[in-house]
Amino acid sequence: MGSTSTQERGIRIAIDRGGTFTDCVGTLNGEDVVIKLLSEDPANYEDAPLEGIRRIMSHFLDRDIPRGEPLDTSKIDSIRMGTTVATNALLERKGERIAVVVTKGFKDCLAIGNQSRPKIFDLAIRKPDVLYEEVIEIDERVTLEDYAEDPQRYLTKADAKAGGEGSAKADVVMGLSGEAVRVLRRPEDEGIRLQLKAIHDKGIRSVAVCLMHGYTFPDHEALIGRIAKEVGFQHISLSHELMPMIKLVSRATSVCADAYLTPAIKKYISGFQKGFEGGLGTRSVLDEQGSKGARCEFMQSDGGLVDVEKFTGLKAILSGPAGGVVGYAITSYDDETKVPVIGFDMGGTSTDVSRYGEGRYEHVFETTTAGVTIQSPQLDINTVAAGGGSRLFFKNGLFVVGPESAGAHPGPACYRKGGPATVTDANLFLGRLLPEFFPKIFGKNEDEGLDVEASKKVIQELTDQVNKETGKNMTLDEVAYGFLTIANEAMTRPIRSITEAKGHDSSKHRLATFGGAGGQHAVAIAEALGIKQILVHRYSSVLSAYGMALADVVDERQEPESKVWQAEGEAVNELKSKMDKLKDKSRQALEDQGFTDEDIVFEEYLNMRYRGTESALMIIKPTGDNNTKEWDFGEAFVQHHRYEFGFTLDERDIIVDDVRVRGIGKSFRYQDETVDKQLKSVKRHSAEGKSAHGQSQVYFEGGRLDTPIYKLKDLSIGDEIKGPAMLADGTQTIVVTPKTKALILKTHVIIDLQQEGKDDSQKDSDMSKREVDPILLSIFGHRFMAIAEQMGRALQKTSVSTNVKERLDFSCAIFDAGGGLVANAPHLPVHLGSMSTCVRTQAKIWEGKLKKGDVIISNHPSYGGTHLPDITLLMPAFNEKGDKILFYAASRAHHADIGGITAGSMPPHSRELFQEGAAIKSEKIVSEGKFNEKRITELLYNEPAQYPGCSGTRCLADNINDLRAQVSANQKGISLIEGLIDEYGEDTVQFYMVNIQKNAEKCVRELLKKVSKKFEGKDLSAVDFMDDGSPIRLRVTIDAEKGEAIFDFDGTGPEVYGNVNAPEAVTYSAIIYCLRCLISEDIPLNQGCLRPINVKIPPKSLLSPSTGAAVVGGNVLTSQRVTDVIFKAFQACAASQGDCNNLTFGFGGNVTGEKEVKGFGYYETIAGGSGAGPDWEGTSGVHTHMTNTRITDSEVFERRYPVLLREFSLRKGSGGKGQHNGGDGVVRDIEFRIPVQVSILSERRVYRPYGLAGGEDAQCGLNIWVRRVAKSDPEKDLAAAQGHATSDSADVEYEERYINMGAKNSAPFKAGDRIIINTPGGGGWGKVGEKKVQRDMKDHTDSWKRGSHANREETALQA
């Protein structure tokens, strides 16, 4: 290793302290010893890692070291450790008491977050708790002087530099990112001191500081840090030091996590160090005081080790799992063959998935763990569905696995604690787990093995339930195997998505499996992913600890940037200079830890994106290979963008957002030969002659087979074992299925999968005699949904606009030949049922006229559209002959501009449809694969501009790019449907498509029967009003015997000469959304949900408008009121804000008769309060019901647009009071820095969101225009009226006027004008003072490590 290292000076120890077990690997003179012990065993030892080290040292020193005796560090070369201390403190919310310091106006920025709700069908919205106890708002403010969307691309120059001497007095300074920063208000030292002292007096000793634009202008944060130190705070986290990246919310949550967790980690380390005689860490090694010190390093979330003294909370969250990734990366990847590897770490409660390829780790910079978004380099580890402890259920005719887990206590049924049926029980019952190889740690005295009978009992109960509810006669084996099949399906879905989201093909990978349960599922997972080879390392059950032993010490450095990339010239020289400075700092830090120059290597990165997009890619420095010159980051970015997203934007500038250096101190080298080298040289021989350890009856598809059991230690290198077989040792069981074979290498067990011929037994059998197989029904439920999800991933990946790529304002779905919905993966509930109306209409119009590769476009409300910005593209899937349509794939996306009278195409005052932009009834835009760009340009750009006062689209290039993305999403859906038909046969797929709809229908019928019973057979009725007084009236009549209902909207107001008319499709969406919320269980969302419902909409009402009626508000406002009325009728919950608060602003366009002006348009929807319910409080600052789009981060908002966000906070007291209070709305105060047209389209400004069951109504919203107007002077006014000259305009005095804009308005704002949007709260439930009734709000997925997949998918459909 470094200069401090001596050859085999002592024992090398690597430890992974997990949630259940602590794994330890000790090495001395080439000998390894592996120890596995319980992480918590207070009766025997206080600290598991110390106990593990004691046992390892006892082994190597050949003497029993008594517990409590300080361990001699002179015998230890190094200790490397991964720990769950930080993760557990985060999960259990047991970190340090902290305060957070923010800019004035942003005290609630973390409570609001990105305003989306995690689960769109959960009426009791659960947002993660914030980590801080107190908030301090500092009266300071800076903003960026220029804005990215400026058509003129003007750049301000500044001499003074942030952090430099001149910065304290200059109004405009150059930020660290190279952007000009305007200082609007400097903080006062004394005020800060008083505020901090008040918090310190409350006993808080840890503080987190995150100010607006602190990533580029750190001066004010540094000042607060200095004062906090003087006041006496023991831990101070400053955001610009931790992670100088743009995005206020992510940086603020990260700095809070650091302040919250680091003290807990320091406390743990301090206790750990007391167990040693001599010091730990670099300083102790360099000092060599007393007994020689030992190196001690902790694993960070980025896969690099750091000295014990530099280990912090922010970098510790994925400490344990990171070791596993390092372990399989180093042991499974070959730099010569370059076959990428998917890591599959299946544990007790969940399964972690990651990928290693191209010879380097995949990092992400924003992930969510335990509900906290962290902005810091982390390995891209994603947690997916099931683990060994995931519970098994039979619900609504479907096999369901997880997400609930049995945990460690009571654990699976076989743990002898009365636990429920789990995946582990199914494996044990089927013979896929061998009790004799499992530790005997169960029972009263913790000396018994797994209880097979207990597993059999719970599987029997499930089998009885399945047979009773389906009328089948399934065996226990079939049911247990069915659950394993569904568990594998649940895991495969996200694995495929994670790899494909980055542009990788999962079938071109190897699968490296580790963790306790991985060996039992690896073959099935590999088969489903098309993977042909599985690698199981000899230390697979302790691979995280083994990975620590192989890892390198890492020092990460990063600085923000904003330059436009140029291959040559001043810009690139400045970037090289910045990179060199970061390398110097990193080199110094590693040399301080004892590394010499020859031990240190660097990875150099630029974080780059196209102008106008937010999808930055971290590009490693080109080395001169792959047709890319050294340091030609621009070409490397273009290649990577094409690979990951499928397109490039050659006409746009490439922006550099960050400069990053990863300094690596190379430590221990991995000595073993790679898998590929071993495979080349190994001499294979059959193991059939070897005597097996035993024989067992193991269930494989089709029945139980006599299966030999081999002990791994009895097998030799080169032994080939044909399946079926079981390979086992004390820590793992590997299932080798029939038609696969295992090969023993020195370091791994290799399992090769043979390519099987297709099983035609399911294909095209006599449909009239076919019965529904509940296992296949469950599989098809997953498969149909997976197709819709993968379409969504393809659309998000290949789209360009912020609206689709970042705000996720789109939906994808597949439909039957008649246009009935089969599966929908919505990000937005308003798209749920409405697309079906569109597909049905288009299917009739184009009957018999479509060919393979054709794509139809439509957005017209009379043809199944909702409002014009939502453009739908649909594509048919044909049978093999090409003469019959079997399915349709469709995608709907909200385009940020499609023309009309205002920028953003959401005009508040539209009276006719043409004022809202391009209206397309039915056009073919792709003919047999050829995209008709000319016709699209006519439809979106030329035709809308022919109407008076209207412009065509203001962002045609984005429209075309997003439409191409929708086409590719539909093509993805078609190819996946064809793959499904190829696998199962056309008739089988059609059969289960019909039955999955019947399954949803059955669930809705059961719900209606329950509701009828609750209301004693009476009709349900409700009415609510739009702000113009239009009533929406509903009567629900339920036939309890059939489980059917009539939703009759008779009495609803007439069509409006305005834009709150809602096409019929919107009402269907609202109904399907409400029914899914009321069922409150994961059911397939398809046309079956609406079959028991007869919807009666009065013709000529605002819910059934005429062809030319304006409808833009119907989709975003009236849809919310329809939802309110349905929930009111069902007495489900108080009203939520009932509004989307649609704000648009911008300038420019191509209005007929006027000169075209280049400009921009911006659109956002703003959160409010959610309604309270019988056993939950309302949630504040969140999107509700029919929408769930994210808000643009405050710093990104100011970087992209000429605005100053004065305030974004919760509107205290706006929620209705009650037994359970409604959630509060928000205050959003925006100042415009240039003249723009501003439009607001909102509701609930007159009628308040209702309370229920005695709860009070919430406050209405209010839209205020803060306008700078000339002060009136009666004398001067009179003189002017009489024609007398008045004084110079410079003498005119101005005053601020607060003007109520009403609910729907548009106005030309001048520079300095502001709009303050106060959004409505949610209604209260129950009478004030009544005792609260709280439901268990535990979210079973809270503990999951959510990597890039979840971060992109955060608002995706989650049941």
Side-chain angles (χ1 to χ4, degrees), residues 148-149 151 153 357-358 362 364-365 499-505 561-569 571-572 575 605-658 791-807 810 855 873 891 893 895-896 925-926 929-934 936-937 940 953 955-972 1160 1200 1348 1352:
E149 294 291 328
R153 303 275 182 262
E358 296 80 52
E362 295 197 353
V364 287
F365 294 82
T499 47
E500 291 187 358
K502 291 278 184 82
H504 308 302
D505 180 350
E561 191 42 84
S562 63
K563 283 187 178 54
V564 174
W565 171 259
Q566 291 166 330
E568 293 170 356
V572 79
L575 288 169
Y605 297 89
L606 293 182
N607 197 25
M608 309 172 87
R609 62 184 170 85
Y610 282 119
R611 186 188 289 280
T613 71
E614 293 301 322
S615 302
L617 295 172
M618 194 64 77
I619 304 298
I620 193 165
K621 185 177 92 174
T623 54
D625 308 336
N626 301 332
N627 309 320
T628 311
K629 291 182 211 151
E630 190 174 358
W631 250 92
D632 191 353
F633 278 95
E635 181 55 34
F637 167 77
V638 169
Q639 286 182 14
H640 194 110
H641 201 280
R642 186 182 290 116
Y643 178 75
E644 181 153 337
F645 298 127
F647 66 94
T648 58
L649 300 170
D650 299 334
E651 73 287 356
R652 296 201 190 190
D653 290 336
I654 297 169
I655 308 290
V656 178
D657 271 345
D658 302 276
M791 286 173 67
R793 215 102 52 222
L795 176 51
Q796 186 186 359
K797 194 163 71 102
T798 54
S799 62
V800 171
S801 70
T802 305
N803 236 22
V804 178
K805 205 173 200 71
E806 305 299 325
R807 293 181 65 245
F810 67 84
V855 179
L873 264 58
S891 54
H895 289 248
I925 62 154
V926 179
K930 189 168 171 33
F931 188 85
N932 190 344
E933 190 169 319
K934 186 180 170 207
I936 277 297
T937 304
L940 295 181
T953 174
C955 48
L956 180 65
D958 279 9
N959 295 133
I960 289 172
N961 282 320
D962 283 354
L963 287 171
R964 286 185 185 278
Q966 286 182 252
V967 170
S968 70
N970 289 353
Q971 283 170 332
K972 179 78 177 170
F1160 67 83
R1200 289 191 72 166
S1348 62
R1352 293 175 185 213

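Just so it is clear, the model here is predicted, and its values are computed rather than measured.
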How close do [X] and [Y] get, counting heavy atoms only, and between which atoms?
{"X": "Ala969", "Y": "Ala794", "value": "CA-CB, 4.1 Å"}
{"X": "Ser562", "Y": "Ile655", "value": "O-CG2, 4.0 Å"}
{"X": "Asn959", "Y": "His895", "value": "ND2-ND1, 3.3 Å"}

Is [Y] close to [X] at the side-chain level, that is, under 4.5 Å between some pair of heavy atoms?
{"X": "Val572", "Y": "Gln566", "answer": "no"}
{"X": "Asp958", "Y": "Asn803", "answer": "no"}
{"X": "Thr499", "Y": "Asp505", "answer": "no"}
{"X": "Val564", "Y": "Arg611", "answer": "yes"}
{"X": "Leu617", "Y": "Met608", "answer": "no"}
{"X": "Val967", "Y": "Leu873", "answer": "yes"}
{"X": "Phe637", "Y": "Leu606", "answer": "no"}
{"X": "Ile925", "Y": "Phe931", "answer": "yes"}

Discussion item. Does Asn932 form a side chain to side chain contact (heavy atoms under 4.5 Å, CB included) with Lys934? I'd like the steps, not just the answer.
Written reply: CA-CA 6 Å; Asn932 190 344; Lys934 186 180 170 207; 3.8 Å; yes
Donor-acceptor pair, side chain of [X] and main chain of [Y], under 3.5 angstrom:
{"X": "Asp653", "Y": "Trp565", "answer": "no"}
{"X": "Glu561", "Y": "Val656", "answer": "no"}
{"X": "Arg964", "Y": "Ser799", "answer": "no"}

Item to complete: List the steps and the verdict of side chain to side chain contact (heavy atoms under 4.5 Å, CB included) for Phe633 and Ile654.
Response: CA-CA 10 Å; Phe633 278 95; Ile654 297 169; over 6 Å; no
Discussion item. More than 12 heavy atoms of other residues, nucleotides or ligands under 6.0 Å from CD of Glu568: yes or no?
Written reply: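 For Glu568, atom CD is not crowded (no more than 12 foreign heavy atoms under 6.0 Å).
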Item to complete: Determine, step by step, whether Asp658 and Asn607 satisfy the side chain to side chain donor-acceptor pair (under 3.5 Å) criterion, reporting the C-alpha distance in whole Å, the side-chain angles of both residues, the deciding distance to 0.1 Å, and the verdict.
Response: CA-CA 5 Å; Asp658 302 276; Asn607 197 25; 2.9 Å; yes
Discussion item. Using the rule given for side chain to side chain contact (heavy atoms under 4.5 Å, CB included), can you reason through Arg652 versus Val800, listing the C-alpha separation, both sets of side-chain angles and the distance that settles it, and then say yes or no?
Written reply: CA-CA 12 Å; Arg652 296 201 190 190; Val800 171; 3.7 Å; yes
Practice prompt. To the nearest 0.5 Å, tell me how far Thr798 OG1 sits from Asn961 CG.
Written response: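 Here the rounded value is 9.5 Å.
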Worksheet item: Hey, what do you get for OH (Tyr610) to CD (Glu651), rounding to the nearest 0.5 Å?
Response: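 Result: 8.5 Å between the selected atoms.
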